[in-house]
S.K.: 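Okay, handing you the structure first.
Throughout, a chain's letter reflects where its sequence line sits, starting with A, and its residues are numbered from 1. When reading the values below, keep in mind they use all heavy atoms of this one structure, side chains included, and skip hydrogens, waters and symmetry mates.
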Protein chains: 2
Amino acid sequence: MKITTKGRYGLRAMVELARNYKEREYQSLRSISENQNIPENYLERLLAKLRKAELIETHRGTQGGYRLIREPADVSVLEILLAVDEPLYLVECTKNATACPQYDRCPSNVVWSKMAKEMQRVARETTLKELL
Amino acid sequence: MKITTKGRYGLRAMVELARNYKEREYQSLRSISENQNIPENYLERLLAKLRKAELIETHRGTQGGYRLIREPADVSVLEILLAVDEPLYLVECTKNATACPQYDRCPSNVVWSKMAKEMQRVARETTLKELL
DNA sequence: TCTATACCCAAGTAAAACAGTTGGAAATGA
DNA sequence: TCATTTCCAACTGTTTTACTTGGGTATAGA
């Protein structure tokens, strides 16, 4: 029950971008991967997802790279996690009651969904700015 | 990032035992596995862990089985999860700062540990009795 | 227009974790 | 002594994870 590298790398990459938000310059994949010690090609796929989620924008060619769209104070950790990885649920039946045949007589769900809700709350209330 | 079957099955087995706590009778592996729809041999290993954690006690032979040691109101979900599975941390470096070479300059840890703490709190504050 | 720089993207892969199974030993009560 | 029940270690198929490979495409500067 651990956060995967997708989530961890994704957040670290976003923190890296947030650091240089003010300059509005594009940061290359290579520089992010080197600064944060993340495998280049793997990180690329994560950045692609962050772009599709419209958290970052890109530019190709010389001097190209990645940069944040919104300011760090306006980007929550939850958004980042949802962009790069699966939703923050602890069991299948929490997000989809039909996934569990014995959903009705399964009192355990109460704990799992409470726990997930708290995790989500913390992630939603924490912004990139707070992590700088 | 899901709770494994160890945690889910373990909790459900404990709920099952809690249901019959008052009678003080031993419930057989088979009956628990059938009532909760959990593979028998797999469940056996989980019950062994719960016994080692001194949450349940056992008796062999005819009319043998498993039963709770303490009353349901006195058993937290956290205890159960710790007994059958790994500690409730989201990243390695939260429980062990030396596991991460860049621990000091990694602001992301703050979120991970906050999230884990909230999960733990919910699990600690929820007892078996509340799930009945 | 050529070329170096950088992002874009699909498919493949080794290793680890997960979820269970197999097969038997040991204790207990009738 | 025998049916019942827990105890326990080793094995195994499947899925997920964490990457890697090998291309393609846009952009800027010489």
S.K.: Please report, rounded to the nearest Å, how far the P atom of D:dT20 is from the OH atom of A:Tyr9.
M.R.: 9 Å
S.K.: OP1 or OP2 of C:dA19 sitting under 4.0 Å from any side-chain N/O of B:Thr5?
M.R.: yes
S.K.: Quick check: on DNA chain C, is the nucleotide nearest B:Lys6 upstream (toward 5') of the one nearest A:Thr62, or the reverse? Name the residue that is more 5'.
M.R.: A:Thr62
S.K.: Just how far, in rounded Å, is C1' of C:dC8 from CZ of A:Arg30?
M.R.: 16 Å
S.K.: Can you measure B:Ile3 atom CD1 to D:dT16 atom P for me and round it to whole angstrom units?
M.R.: 17 Å
S.K.: Between B:Glu57 and B:Arg51, does any side-chain N to carboxylate O distance fall below 4.0 Å?
M.R.: no
S.K.: Quick one: does B:Leu17's side chain get under 4.5 Å of B:Ile56's, heavy atoms only?
M.R.: yes
S.K.: Specify the separation, in whole Å, of atom CD of B:Gln36 and atom P of C:dG20.
M.R.: 14 Å
S.K.: What is the nucleic acid contact for A:Arg51, judged by heavy atoms within less than 4.0 Å: base, sugar-phosphate only, or nothing?
M.R.: sugar-phosphate
S.K.: Go through D:dT17, D:dC7, C:dG20 for me and flag the one nearest to the B:Thr58 side chain.
M.R.: D:dC7
S.K.: Side chain of A:Lys52 only, please: which of D:dA28, C:dC9, C:dG29 is the nearest?
M.R.: C:dC9
S.K.: With distance as the sole test, does B:Asn35 use its side chain to make a donor-acceptor pair with the main-chain N or O of B:Ser31 at under 3.5 Å?
M.R.: yes
S.K.: Can you tell which of D:dC8, D:dA18, C:dC7 lies closest to the side chain of A:Tyr66?
M.R.: C:dC7
S.K.: A:Tyr21 pairs by side-chain contact (heavy atoms from CB on, under 4.5 Å) with which of A:Arg24, A:Glu23, A:Glu25?
M.R.: A:Arg24
S.K.: With distance as the sole test, does B:Glu79 use its side chain to make a donor-acceptor pair with the main-chain N or O of B:Ser76 at under 3.5 Å?
M.R.: yes
S.K.: Both B:Gly61 and B:Asp85 contact DNA chain C. Which one's nearest nucleotide lies toward the 5' end?
M.R.: B:Asp85
S.K.: At under 4.0 Å between heavy atoms, what does A:Gln27 touch on the DNA or RNA strands: base, sugar-phosphate, or nothing?
M.R.: sugar-phosphate
S.K.: What is the distance, to the nearest angstrom, from the CE atom on B:Met1 to the P atom on D:dT16?
M.R.: 15 Å
S.K.: Provide, to the nearest angstrom, the distance between the CD atom belonging to A:Glu92 and the P atom belonging to C:dA19.
M.R.: 12 Å
S.K.: Taking NE2 from A:His59 and P from C:dC7, how many angstroms apart are they, rounded to a whole number?
M.R.: 11 Å
S.K.: For DNA chain D, whose closest nucleotide is more 5', that of A:Arg8 or that of A:Gln63?
M.R.: A:Arg8
S.K.: Begin from the C-alpha positions of B:Arg121 and B:Glu125 and carry the test salt bridge (charged side-chain N to carboxylate O under 4.0 Å, His left out) through to its verdict.
M.R.: CA-CA 6 Å; B:Arg121 184 181 56 76; B:Glu125 290 175 356; 3.2 Å; yes
S.K.: Between B:Lys114 and B:Glu118, does any NZ, NE, NH1 or NH2 come within less than 4.0 Å of an OD or OE carboxylate oxygen?
M.R.: no
S.K.: In residues 38-47 of chain A, which residues come under 4.0 Å of DNA chain C by heavy atom?
M.R.: A:Glu44, A:Arg45
S.K.: Can you tell me how far P of C:dC8 sits from CZ of A:Arg60, to the nearest Å?
M.R.: 6 Å
